[in-house]
Amino acid sequence: MKRIVTLINHIIPIFFAVSLFLGIYGAIVNKANTLPMPWLAVSAGAALAFFFAVKLNNFRKYAESMTIYEYRRFSVLLCLILLATQILSAVFVDFTPINDLKYVADGAENLILGKDLYYGLPEYHQDYFECYPNNHALFTIIYTLYKVQFELFGKITNILPTILNIIALNTSYWLMCRCAELVHSTEKAFLCAVRGMLFTPFVTYAANFYTDSMAMPLIMLSVYIYLKYRKTNKLQQLVICGAIMGLAFKMKGSSGILLIAVVTDMLLKKKKVKCYAMLALPYAAAAKVVSAISLKLLGITCEMIKEKAFPLIHWIMMSADGRGGYNSEDFLYTQSFSGRDKVSADLARLSLKLETQGFWGFIGHLANKIAYTWENFTFMAGYYCNESFRSPVFIITAFLCHWTIAFSILINLWKARKKGSDATFLFRLSLLGLCVFLLIWETRCRYLISFFPVFLLI
């Protein structure tokens with residue numbers, strides 16, 4: 001078992017290094033419209049970011065004499081600074097929901113105002129909530145907040161969801177700082193806190209209350225409680241951890257990666273069978289309860305879901321060529337079938353894509369997919385959040401922040417390659433799991449956001 005762990009510890013930094021290299025290459029190729037002389041600008045910027053990453057990792061020496069209580073006060077101060085920045089971002093940035101967030105928000109508003117659920121949604125999305133049950137948990141939250149505001153003030157705005165989203169992001173940072181003190185020395189925890197302040201989505205996504213940020217505190221709380229369980233072996237903590245991970249899964253499907261990482265860690269610790277039951281049963285129960293509540297609010301039955309919901313193979317099929325992102329043709333193709341016919345149809349289309357590309361074509365596709373995931377250092381803030389995040393100043397700032405963090409993670413991964421299954425192995429497994437997941441699934445750079453506080457702990 002130790003050999004397997006050592007092998008994984010060696011594979012992760014190599015895999016991550018390749019991902020970063022492809023991300024830099026993708027940034028060079030695809031930033032011609034936003035950066036002058038992209039080859040020179042990105043290459044020089046990456047070199048500078050690597051230099052900053054080395055200096056950042058050496059920054060921990062300034063906290064050598066810091067006590068745990070001083071660290072906690074310091075992290076609270078950073079939380080307050082982050083909160084002020086997030087509030088300013090939400091107030092001064094004109095945010096308008098787009099794409100899936102718009103459909104979910106419009107659906108919630110329609111129900112409250114007594115309109116048809118799909119009033120105002122595009123014609124091809126007149127069965128949106130049946131096709132995409134993955135957004136049911138977010139719908140339930142938005143509906144509840146809209147309902148409260150409507151009953152109190154007689155109008156519906158995005159103020160309450162934005163406030164909750166800021167709380168979610170700030171709480172995630174705070175939980176990251178608490179996790180750091182559980183697994184690291186005070187100096188290393190100090191470094192994690194400083195590094196977290198460089199993660200731009202904590203600010204840019206302040207008003208974008210979609211699943212990427214809403215799932216983040218659930219993931220981080222799950223990690224925190226599991227780390228506490230590792231120290232105490234109290235089964236009630238494992239039960240709570242499982243339930244919260246179930247909620248996280250309903251908010252963001254990729255959160256299931258954390259369950260796999262936790263189970264793997266428990267296997268390495270040779271936990272008893274009852275421990276897995278204490279984790280799995282609350283996980284399934286929490287997910288089931290959220291599903292039942294959401295379906296009740298939406299007025300959708302399980303039979304309607306079975307008939308219209310897109311099967312998991314759809315996202316694998318859709319992402320199996322090109323850059324692996326959303327493809328409207330593949331969406332309309334799957335939508336044209338019903339029930340179990342969707343599965344066989346998607347499998348046939350997936351087989352055709354793989355056969356058309358051939359082995360080396362598919363390898364090239366995977367390289368494009370990795371680049372597409374890591375190259376956008378703004379996490380598409382200019383598209384999803386606000387156009388002001390497309391300014392040259394922000395692009396340069398985001399570039400240096402993103403790649404400094406990425407290289408800092410890589411440096412720590414390389415240093416940890418000879419470690420065994422310590423507490424931080426959970427974070428490394430999560431990074432590997434998400435990277436592999438995004439090779440198989442539909443990919444977007446923003447899909448990294450909900451897990452990034454975990455990676456900052458590496």
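Both backbone and side-chain heavy atoms feed into the values below; hydrogens, waters and symmetry mates do not.
Here the shortest heavy-atom pairing between C445 and M380 reads SG-CG, 3.4 Å. In terms of heavy atoms, Y71 sits closest to A193 at CE1-CB, 4.2 Å. Annotation for A49 and L400: closest pair CB-O, 4.2 Å, computed over non-hydrogen atoms. When all heavy atoms are compared, the tightest approach of L101 to I142 is CD1-CD1, 4.0 Å. Looking at every heavy atom in both residues, Y173 comes nearest to C79 through CD2-SG, 3.5 Å. Residue S222 comes nearest to C241 through the heavy atom pair O-SG, 3.4 Å, listed as atom of the first residue, atom of the second, then distance.
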**Item:** Derivation of the side-chain hydrogen bond (donor to acceptor under 3.5 Å, both in side chains) call for Y128 and N135
**Value:** CA-CA 10 Å; Y128 178 85; N135 277 331; 2.7 Å; yes

**Trace of the side-chain hydrogen bond (donor to acceptor under 3.5 Å, both in side chains) decision for N233 with K271** = CA-CA 10 Å; N233 284 314; K271 296 294 183 180; 2.7 Å; yes

**Prompt:** What's the verdict on side-chain contact (heavy atoms from CB on, under 4.5 Å) for R428 and D422, showing C-alpha distance, side-chain angles and the deciding distance?
**Reply:** CA-CA 10 Å; R428 300 195 292 278; D422 60 353; 3.3 Å; yes

**Message:** Could you go through S319 and K369, starting from their C-alpha distance and side-chain angles, then the distance that decides it, and tell me whether this counts as side-chain hydrogen bond (donor to acceptor under 3.5 Å, both in side chains)?
**Reply:** CA-CA 9 Å; S319 68; K369 203 170 182 181; 3.0 Å; yes

**Prompt:** Run the ring pair (Phe, Tyr, Trp, His ring centres under 6.0 Å) check on F59 and Y62 step by step: do they pass?
**Reply:** CA-CA 6 Å; F59 194 57; Y62 295 105; 5.2 Å; yes

**Prompt:** Does the side-chain contact (heavy atoms from CB on, under 4.5 Å) test come out yes or no for L438 and Y447, once each step is laid out?
**Reply:** CA-CA 8 Å; L438 292 176; Y447 295 168; 3.9 Å; yes

**Message:** Quick one, R323 with E375, criterion salt bridge (Lys or Arg N to Asp or Glu O under 4.0 Å). Give me CA distance, side-chain angles, the key distance, then yes/no.
**Reply:** CA-CA 12 Å; R323 302 180 71 185; E375 72 186 35; 2.7 Å; yes

**Request:** Under the side-chain hydrogen bond (donor to acceptor under 3.5 Å, both in side chains) rule, what do T186 and E181 come out as? Steps first, then yes or no, please.
**Result:** CA-CA 6 Å; T186 305; E181 71 178 55; over 6 Å; no

**Request:** Tell me, with the steps shown, if L160 and Y146 meet side-chain contact (heavy atoms from CB on, under 4.5 Å).
**Result:** CA-CA 8 Å; L160 291 183; Y146 279 179; over 6 Å; no

**Message:** Evaluate F455 against F452 for ring pair (Phe, Tyr, Trp, His ring centres under 6.0 Å), listing each step before the verdict.
**Reply:** CA-CA 5 Å; F455 305 155; F452 228 98; 5.7 Å; yes

**Message:** Applying side-chain contact (heavy atoms from CB on, under 4.5 Å) to L221 and I240, what does each step give before you reach the verdict?
**Reply:** CA-CA 10 Å; L221 184 57; I240 296 171; over 6 Å; no

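Not counting sequence neighbours, the partners of D321 by the salt bridge (charged side-chain N to carboxylate O under 4.0 Å, His left out) test are K353. The side chain to side chain donor-acceptor pair (under 3.5 Å) test applied to R390 returns no partner, not counting sequence neighbours. A search for side chain to side chain donor-acceptor pair (under 3.5 Å) contacts involving S213 returns N165, not counting sequence neighbours. F362 is linked by a ring pair (Phe, Tyr, Trp, His ring centres under 6.0 Å) to H365, counting only residues two or more places apart in sequence or in another chain.
The neighbour count for Y25 OH, taken as heavy atoms of other residues, nucleotides or ligands under 6.0 Å away, does not exceed 12. The number of heavy atoms from other shown groups lying within 6.0 Å of CD (E387) does not exceed 12. More than 12 heavy atoms of other shown residues, nucleotides or ligands fall within 6.0 angstrom of atom CZ in F331. Other residues, nucleotides and ligands place no more than 12 heavy atoms under 6.0 Å from the CZ atom of F50. Residue K288 qualifies as open at atom NZ: its count of foreign heavy atoms under 6.0 Å is 12 or below.
No side-chain N or O of N99 forms a donor-acceptor pair with one of Y326 less than 3.5 Å apart. There is a side-chain donor-acceptor pair under 3.5 Å between R178 and S75. In this structure, a donor-acceptor pair under 3.5 Å is present between the side chains of Y384 and R444. With 3.5 Å as the limit, one finds a donor-acceptor pair spanning the side chains of K250 and S291.
Using a 4.5 Å cut-off on side-chain heavy atoms (C-beta onward), T378 and Y383 make no contact. Looking at heavy atoms from C-beta onward, T6 lies out of side-chain contact with K418 at the 4.5 angstrom threshold. Two residues are said to be in side-chain contact when any heavy atoms from C-beta on lie closer than 4.5 Å; T424 and I458 fail this criterion. N158 has its side chain within reach of P97: a pair of non-hydrogen atoms, C-beta onward, lies under 4.5 Å apart. Between C385 and V93 there is no side-chain heavy-atom pair separated by less than 4.5 Å.
Atoms OG1 and CD1, from T162 and I87 in turn, are 12.0 Å apart once rounded to the nearest 0.5 Å. Taking CG of L431 as the reference point, atom CG of L426 lies at 11.5 Å (rounded to 0.5 Å). The line from OG of S450 to OH of Y205 is 11.0 Å long, rounded to the nearest 0.5 Å. Distance check: I316 CD1 to I440 CD1 gives 6.5 Å after rounding to the nearest 0.5 Å. Between I8 atom CD1 and R3 atom CZ the span is 14.5 Å, to the nearest 0.5 Å. To the nearest 0.5 Å, atom CG of residue L182 and atom OH of residue Y226 are 13.0 Å apart.
Ring-plane geometry between F129 and H136 is classed as tilted, the angle between the planes lying from 30 to 60 degrees on a 0 to 90 degree scale. Between F209 and F95, the ring planes lie perpendicular to each other; the angle is over 60°, past the 30° to 60° tilted range. Using bins of under 30°, 30° to 60° and over 60° for the plane-to-plane angle, the ring pair W315/W441 lands in the parallel bin. Ring geometry, F16 versus W374: the interplanar angle exceeds 60°, so the pair is classed perpendicular (tilted spans 30 to 60°). Ring pair F399/W403 is tilted by interplanar angle, where 30° to 60° counts as tilted. Between F379 and F199, the ring-plane angle classifies as perpendicular under the 30° and 60° cut-offs.
For the salt bridge (Lys or Arg N to Asp or Glu O under 4.0 Å) condition, the pairs that include at least one residue of residues 209-237, sequence neighbours left out, are D212-K252, D212-R446, R230-D265. Here side chain to side chain donor-acceptor pair (under 3.5 Å) pairs that include residues 187-204, with residues two or more places apart or in two chains, are R195-S408.
Looking at T443, its side chain never comes within 3.5 Å of a backbone N or O of L439 through a donor-acceptor pair. Judged purely by atom type and a 3.5 angstrom limit, N9 uses its side chain to pair as donor or acceptor with the backbone of K419.
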